[in-house]
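Encoded as structure tokens, the structure appears first; notes follow it.
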Amino acid sequence: MAITRDDVLKALSTVTVDRGGTTLPGSGRLSPVVIDPGNRVMFSILIDPSEAERFEPVRREAEGRVLALPGVSSVLVSLTAERGSATPGPAPGAPRQSGGPGAAPPRPPQGNALPGVRHIVAVASGKGGVGKSTTACNLALALSAQGLRVGLLDADIYGPSVPKLLGLSGKPRVIEGKTLEPMQAYGLKAMSIGFLIEPESAMIWRGPMVQSAITQMLRDVAWGELDVLVVDMPPGTGDAQLTMAQATPLSGAVIVSTPQDLALIDARRGVTMFRKVSVPILGVIENMATFICPNCGAASAIFGHGGARHEAERLEVPFLGEIPLTMAIRETSDAGRPVVATDPDGPQAKVYREIAQKLWGNLTGAPAGRAAPRIVIE
Ligand code: ADP
């Protein structure tokens with residue numbers, strides 16, 4: 001059975017590198033994963049020389065997890081303090097081996113992800129208008145409905161839509177002169193550049209300013225304890241998005257696409273982008289999959305159907321599910337009353353909840369909200 005890089009990254013996402021629960025792939029310390037034709041898996045973990053002792057158990061655990069994957073013949077994991085020579089493999093001068101489509105040098109270590117935040121998950125799309133923000137918002141609510149503590153960070157600096165989607169206005173409170181208190185709606189903590197500046201002001205910002213605003217919204221906001229922080233990424237796969245994916249300590253990414261061919265080409269670029277920076281793809285979502293007629297309730301595939309599922313299979317990434325194009329989703333999103341929160345028993349909320357459950361499973365290997373069984377001794 002052929003092993004894929006994503007299989008390896010998924011196995012490694014159960015390995016944590018600190019008490020805060022930062023996963024190995026999310027820590028920025030992982031080199032590209034190399035799988036040779038004999039199904040031997042090789043990668044390394046970037047450390048500071050002083051961390052060698054602390055990381056030896058992590059190295060062993062990572063090795064064990066990958067070795068347990070069906071089909072893996074052997075695993076070589078090294079600790080390395082030397083960036084660039086992280087991947088065991090080709091001799092100097094030999095052609096660079098790649099760990100799958102678009103693999104690139106490891107992300108620089110970002111230190112401890114975010115204290116108190118277990119997972120940061122990016123919701124991205126290859127282009128604008130596919131419903132990325134609507135999906136991010138309703139997914140965050142669906143994760144919250146499963147009993148998880150959830151935040152929503154709007155990193156779409158040029159087109160922030162979280163304030164509108166959650167029906168929020170006003171400015172966040174500043175605590176002790178330097179930290180922002182997140183806004184709250186429907187049980188979510190939320191932060192957006194839209195709360196802080198006039199909508200037009202950010203339009204003239206250049207890349208570094210955008211990155212610095214996002215870093216501040218990550219680090220200088222009192223997120224508190226969160227199981228997951230959902231990040232609504234800026235649309236597209238250009239340099240700005242790549243820098244952001246690299247600079248944010250992500251546990252994984254979700255790609256939203258519509259079923260049309262053109263959108264799927266962009267989705268493919270999204271997958272490649274995250275692979276380049278060693279962020280595991282948690283799955284692809286097909287939005288606006290079928291149109292549900294508001295009068296008769298009949299479903300029609302006006303944009304075609306099943307394209308994203310097919311594409312996900314081709315790219316060997318998980319498929320998380322299909323969200324129909326419905327009047328209820330559009331109206332509730334645009335009115336700041338997201339459907340998962342305002343019609344939790346309706347059919348749309350069910351779709352988002354199912355996707356959220358799969359997403360959480362891919363992230364942690366566990367069903368959401370289910371506590372470990374308690375053994376009662378009588
Ligand atoms: P993006 O973030 O990709 O630019 P948005 O989330 O802002 O996209 O969505 C664009 C428009 O499409 C919004 O008016 C939104 O209400 C609508 N929309 C998104 N997903 C759906 C859906 N599944 N059904 C109906 N309308 C949707």
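First listed ligand is number 1; within each ligand, the first listed atom is number 1.
M288 CE, 3.7 Å is the protein heavy atom nearest to atom 12 (O) of ligand 1. With hydrogens left out, the protein atom closest to atom 26 (N) of ligand 1 is R330 CB, 3.4 Å, a heavy atom.
Atoms of ligand 1 found under 4.0 Å from any heavy atom of K132 (numbered from 1 in listed order, with element): 1 (P), 2 (O), 3 (O), 6 (O), 8 (O). Applying the 4.0 Å criterion to heavy atoms of D334 picks out, from ligand 1, the atoms 13 (C), 14 (O), 15 (C), 16 (O). Against a heavy-atom cut-off of under 4.0 Å, I323 is close to the following atoms of ligand 1: 23 (N). Taking every non-hydrogen atom of V130 and a distance limit under 4.0 Å, the qualifying atoms of ligand 1 come out as 3 (O).
Between E286 and R309 there is no salt bridge, since none of the side-chain N atoms of the basic residue sits less than 4.0 Å from a carboxylate O of the acidic one. Taking a cutoff of 4.0 Å between a charged side-chain nitrogen and a carboxylate oxygen, D7 and K10 do not qualify as a salt bridge. Using a 4.0 Å cut-off between charged side-chain N and carboxylate O, E51 and R54 make a salt bridge. The pair D6-R275 meets the salt-bridge criterion, with a side-chain N (NZ, NE, NH1 or NH2) lying under 4.0 Å from an Asp/Glu carboxylate O.
Checking V162, T332, N138, T326 against atom 24 (N) of ligand 1, the nearest heavy atom belongs to T326. The option with the heavy atom closest to atom 10 (C) of ligand 1, from among G129, A136, P234, is G129. Looking at A289, P324, S133, G128, it is S133 that brings a heavy atom closest to atom 7 (O) of ligand 1.
Among the atoms of I329, none of the N or O lies under 3.5 angstrom from an N or O of ligand 1. Of the polar atoms of D156, none of the N or O atoms is found under 3.5 Å from an N or O of ligand 1, judged by distance alone. Between N287 and ligand 1, at least one pair of N/O atoms sits closer than 3.5 Å. Distances between N or O atoms of T134 and those of ligand 1 include at least one value under 3.5 Å.
Protein heavy atoms are found inside the 4.0 Å sphere centred on atom 21 (C) of ligand 1.
Listed for the N138 side chain is no donor-acceptor partner under 3.5 Å among the backbone atoms of P338.
Hydrophobic clustering (ILVMFWY, side-chain heavy atoms < 4.5 Å, transitive): V221 and I120 are in one cluster. In this structure, L165 is not a member of the same hydrophobic cluster as V150, with clusters built from ILVMFWY side-chain heavy atoms closer than 4.5 Å.
Taking 4.5 Å as the limit, some side-chain heavy atom of F274 sits within range of a side-chain heavy atom of I255.
Looking only at atom types and distance, the side chain of S133 has a donor-acceptor partner in the side chain of D232 under 3.5 Å away.
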